[in-house]
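Take a look at the structure below.
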Amino acid sequence: MNIFDQYLDKIKKILLDLSSNDGLILPDSLDGITAEIPPSKFDSDISTNVAMVLSKINKKSPTDLASVLADALKKNDTLIENISVINPGFINIKFKSIFWTNFVKEIINHAKTFGINTKEKKNNYLIEFVSANPTGPLHVGHCRGAILGDVITNVLSFNKHRVTKEYYVNDYGNQIINFTKSVYFRIREKTFSEPFPSDNEDLYPGDYLIDFAQNIINSNKKMDFEDFNKISGELTALSIEEALKLIKDNLNSLGIKHDNFISEKKLVSNHEVEKVIDFLQKNKFVYKGKIKAPASEDDDNWVEREQLLFRSTDFGDDKDRALQKSDGAWTYFASDVAYHKNKLDRKFDYLINILGADHAGYIKRISSSVDALSNSKGKLICKVSQLVKLIKDKKPFKMSKRKGDYITVDDLINEVGKDATRFIMLNRSSDVELDFDFDNVIEKSKENPLYYVQYCYARIASVFRHLDRDLKSDIQINNYDFSYSNEEIVILKKISEWPKCIDAASNKLEPHRIPTYLYELASLFHSYWNLGKENPEKRFINVEKKITDDKLIFLKMISNVIKSGMDIVGVSTPEKM
RNA sequence: GCGCUUGUAGCUCAACUGGAUAGAGUGCCUGACUUCGGAUCAGGAGGUUCUAGGUUCGACUCCUAGCAGGCGCACCA
C-alpha cells in the first residue's frame, strides 16, 4: 500500500480525463510527474509537481493549472480534507483523519507485505559478492562488501525478486601455489621441526596457517609430506578446503550464507575458458598484440611481449587486457570472463557484482567483456563498497598485510557483535568511506543508531508486557476509530514513506536508506513517547480501555515496520535490552 | 599522467531517480527522571552544498572545465 503511487495514479487518471474533455495537452510520457513528501513546514501529507511539469506545454501559469487540477482532485475524493496550491505551483493534499484510520487498518491486516512494491516487474538476479581468495580468514576489508551484498539480497527478496547469492572461489593461479607452499612449510615445521622460512616474501605469514597445517596432518595420517611435488595437487585441495571452511565460518558469524560457490579451477578444467575465448576470437574481440607499460611502472623494468589480448578499448577501457600469461596459463581476467559467460548462460535478468574500492578499476574490463559476450544486453551492475577506516581511542589504526596481523571478521564480531557490525557498516552510503569507531559502536546511547532503533522496539514491547499482551502475536481490530493528534500524524506520514524507502533501496541498490529511515522513525517515536512524561493523557496505557486499545494498534503498526526493516538489515529486535 | 570515486554545519553523515526556506547526530550552551524503560526527550547557536560556467519553470542532484582528498592503473588475484 503505497499512498504516493495511489495518488499518482489518481492524478494521471484525472489528467487523461481533462485531456479528452477539456483540451489539456499532455506530453508523450507522464514520467516526470511525481507524488512526493512535502517539507514538514507545510501542513500537508502528499504533494505533486504535476502543474509545473505541464505548464509550459499548455502555455498556462503553473498556479492557474494547479488550481484546475486541485479542484478536479478534490471533487472525486472524499478523504481529502483540504488541498492547496503553493508557489511555484505545487499542489499539496491534506487528508482527513479517517484516511489514516483506514491506512492503519490496512497495514495491520497486511503486516507482512506492507512496503512491497506490487506493481513492478519481478526480476531474477544473480549477485556475486565477497569472493575473497581462499587463502585465509576474512578481514575487515571484506566485511562491508559482504554485508552490502547480503542486505541488497534481503531488500530485493523482500520486494519479491528472485536472488541467487554466489561466491566465486579463486582457487587457480599463483596465489594459490604460494598459499599451498606456505601450508606445506607449516606442515614441515610440525612434522620435521624445520623453521618456517621468514625471508620468503611470497609466502603467507599468518598464524592461522599453523592451524590449517595441524588439521591437515590430523586428518591425513597416511600422507607422506616429504616430497612437495608428489603431494602438491592433493595438498592444494586440502589447503583450499581449510581456508574455505574458515571463510564460511566467518560469513556465518556475520549471518551470511551464499547459495553457490563457483570454483575458478573447475571453469578452467572444464575448458570453459578456451570456449569463451574461441567465441570472442570468432567475433574479432581477441587478437595477438602488445600492451604498453603502465604509468606506475618504470619503463626500464617493463618487457613488452606479444600476447593474447581482449579488445576492451572497443568498449571504452583504457587499454586492451591480457588473457594469457607467458607460461600459457590463463590470467585471472580470462577465467573471470569465462565465469561471466557462465553467468550469462544461466539467463538472469540482472547480474550484480559487489566489489571493494581497490577493485573499482576492474569494472570497465569485466563489463566490456559482458558487453562483448552478450551483444551489450548483459545488464551487469557493479557496485563498489568504499573503504572502512577503523578507529579506536579516537585514532585510526592501520592493518598491515605483510606481517599477517590484520583485523579479522572474527576479531570484529568478538569485540562488537554481529548486529552492531551489520547496522553500522550499512548506515552510510556505500559510496563514501566509513569511519568504524569501536568505542562508538559498542556505546549504548543515541550516538549508536543500532541501540536507538532497538530501544524503540523494546519500549513498545514493554507497553505490551505491562498489559500482559504479546507484541509478536496478531492484534485484533474491532471498532477502531482513533482520532489522531498532530504527533501521531507525523508518525503516520513517516510510516507512509516506508514503501518509498524500500523502492529506492531496491531500485538503486542502496540499502543504507533502510537504517537511515529506521533511525528517523525511531526518533519520532521517542519524542512521542516522552510526551507522556509531562502529560499523563498522552500515555499509551490509559484509564479508558478503548483508548488503550486504539493506541496499542498504533504502536503495533510502528513495531511492524521497525521489525520489517531490522529483518532486512539482518539484526535482532530484542523485547528487553 | 590516465581512469573511477568523494567533496554539504567545527566533526561524522542524510537529502525520496531534478522540487519548495538543505536535514540528523556529535561537539558547544540551557532545561526535563515520584515515568508505559533517562540506552530517552525539549530548546538555542551553527550553511555562498569545493570553485567557475551551462541546461531547466526549478540544481546538492544533470553537463563542461578546474581545485582538493581517496582508490586504482600487472602476465598478481
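Below, chain A is the first sequence line, B the second, and so on; all start at residue 1.
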Mutual orientation of the aromatic rings belonging to Phe554(A) and Tyr528(A) [parallel < 30°, tilted 30-60°, perpendicular > 60°]: perpendicular

Nearest-nucleotide pick for Met52(A), side chain only, options being U6(B), G19(B), G37(B): G19(B)

Separation of A77(B) P from Asp171(A) CG (nearest whole Å): 12 Å

Watson-Crick or G-U wobble mate for A59(B), both contacts under 3.5 Å: none

Presence of salt bridge, Glu510(A) and Arg513(A), under 4.0 angstrom: yes

Validation row, ring centre His161(A) to ring centre Tyr350(A) under 6.0 Å: no

Complement of U17(B), any strand, by Watson-Crick or G-U distances under 3.5 angstrom: none

Ring-face cation of Arg311(A) near Tyr287(A) (centre distance under 6.0 Å, axis angle within 45°): yes

Sugar-phosphate only, base, or nothing, as touched by Arg365(A) at under 4.0 Å among non-hydrogen atoms: base

Is_stacked (Tyr362(A), G72(B)) at 5.5 Å, 30 deg: no

Aromatic Phe438(A) / basic Lys392(A) pairing, under 6.0 angstrom, 45° off normal: yes

Sugar-phosphate, base or nothing in reach of Glu510(A), heavy atoms under 4.0 Å: nothing

Atom pair distance, as rounded to whole Å: NZ in Lys576(A) and P in A39(B): 16 Å

Minimum-distance nucleotide to Tyr519(A) side chain [options: G25(B), A39(B), C71(B)]: G25(B)

Length of the line joining Leu521(A):CG and U40(B):C1', which is rounded to integer Å: 15 Å

Sugar-phosphate, base or nothing in reach of Ser326(A), heavy atoms under 4.0 Å: base

Sugar-phosphate, base or nothing in reach of Arg459(A), heavy atoms under 4.0 Å: sugar-phosphate

Sugar-phosphate only, base, or nothing, as touched by Asp327(A) at under 4.0 Å among non-hydrogen atoms: nothing

Nearest-neighbour nucleotide for the Phe540(A) side chain, U21(B), C36(B), U40(B) considered: C36(B)

Distance-only polar pair, side chains of Asn123(A) and Lys121(A), donor-acceptor under 3.5 Å: yes

Sugar-phosphate only, base, or nothing, as touched by Leu531(A) at under 4.0 Å among non-hydrogen atoms: nothing

Pair assignment for A42(B), Watson-Crick or G-U wobble, requiring both distances under 3.5 Å: U30(B)

Euclidean distance, atom OH of residue Tyr455(A) to atom C1' of A39(B) [Å, nearest integer]: 6 Å

Counterpart base for C36(B), defined by Watson-Crick or G-U wobble contacts under 3.5 Å: none

Any N/O donor-acceptor pair, Asp431(A) side-chain to U6(B) base, under 3.5 Å: no

Exercise: identify the closest heavy-atom pair between Gln454(A) and Asp419(A): NE2-OD2, 3.7 Å

Within 45° cone of Phe482(A) ring axis and under 6.0 Å: Lys551(A) NZ or CZ: no

Check: Asn49(A) side chain, G19(B) base, donor-acceptor under 3.5 Å: yes

Grab the N/O contacts between the protein and nucleotides 12-14 of chain B below 3.5 Å, and write none if there aren't any.
residue, atom, partner, partner atom, Å
C13(B), OP1, Glu433(A), O, 2.9
C13(B), O2', Arg428(A), NE, 3.4
C13(B), O2', Arg428(A), NH1, 2.2
A14(B), OP1, Ser429(A), N, 2.9

Whole-Å gap separating C1' (A77(B)) and CG (Leu267(A)): 15 Å

Touch class at under 4.0 angstrom, heavy-atom based, for Lys56(A) against every strand present: sugar-phosphate

Integer-rounded Å distance: C41(B) C1' and Phe525(A) CZ: 12 Å

Passing candidate, side-chain contact (heavy atoms from CB on, under 4.5 Å) with Trp330(A), options Asp336(A), Val268(A), Leu267(A), Val337(A): Val268(A)

Pairs where residues 532-544 of chain A contributes a residue and the test side chain to side chain donor-acceptor pair (under 3.5 Å) is met, not counting sequence neighbours: Glu487(A)-Lys538(A)

Side chain of Trp529(A) (C-beta onward), nearest among C16(B), G38(B), C73(B): G38(B)

Rounded distance in Å - CG (Asn133(A)) to C1' (C76(B)): 10 Å

Whether His142(A) and His139(A) hold their rings parallel, tilted or perpendicular, with breakpoints at 30° and 60°: tilted

Sugar-phosphate only, base, or nothing, as touched by Ala329(A) at under 4.0 Å among non-hydrogen atoms: nothing

Any strand: nucleotide that pairs with C71(B) via Watson-Crick or wobble, under 3.5 Å: G3(B)

Sugar-phosphate, base or nothing in reach of Pro449(A), heavy atoms under 4.0 Å: nothing

Minimum-distance nucleotide to Pro39(A) side chain [options: A20(B), C16(B), C41(B)]: A20(B)

Donor-acceptor pair (no angle test) under 3.5 Å: Lys533(A) side chain, G38(B) base: yes

Identified side-chain contact (heavy atoms from CB on, under 4.5 Å) counterpart of Ser367(A) within the set Asn353(A), Leu380(A), Ile381(A): Leu380(A)

Within-4.5 Å side-chain heavy-atom neighbours: Met425(A) and Leu434(A): yes

d(CG, Leu450(A); C1', G25(B)) in whole Å: 15 Å

Options C41(B), C36(B), A20(B), nucleotide nearest the side-chain atoms of Ser462(A): C36(B)

Proximal nucleotide (of G25(B), C41(B), G70(B)) relative to the Leu387(A) side chain: G70(B)

Please tabulate, one pair per line, each protein N/O and nucleotide N/O from nucleotides 26-31 of chain B that are separated by under 3.5 Å, including the distance.
none

Sugar-phosphate, base or nothing in reach of Asn92(A), heavy atoms under 4.0 Å: base

Closest nucleotide among A20(B), G3(B), C71(B) to the Asp358(A) side chain: C71(B)

Sugar-phosphate, base or nothing in reach of Phe4(A), heavy atoms under 4.0 Å: nothing

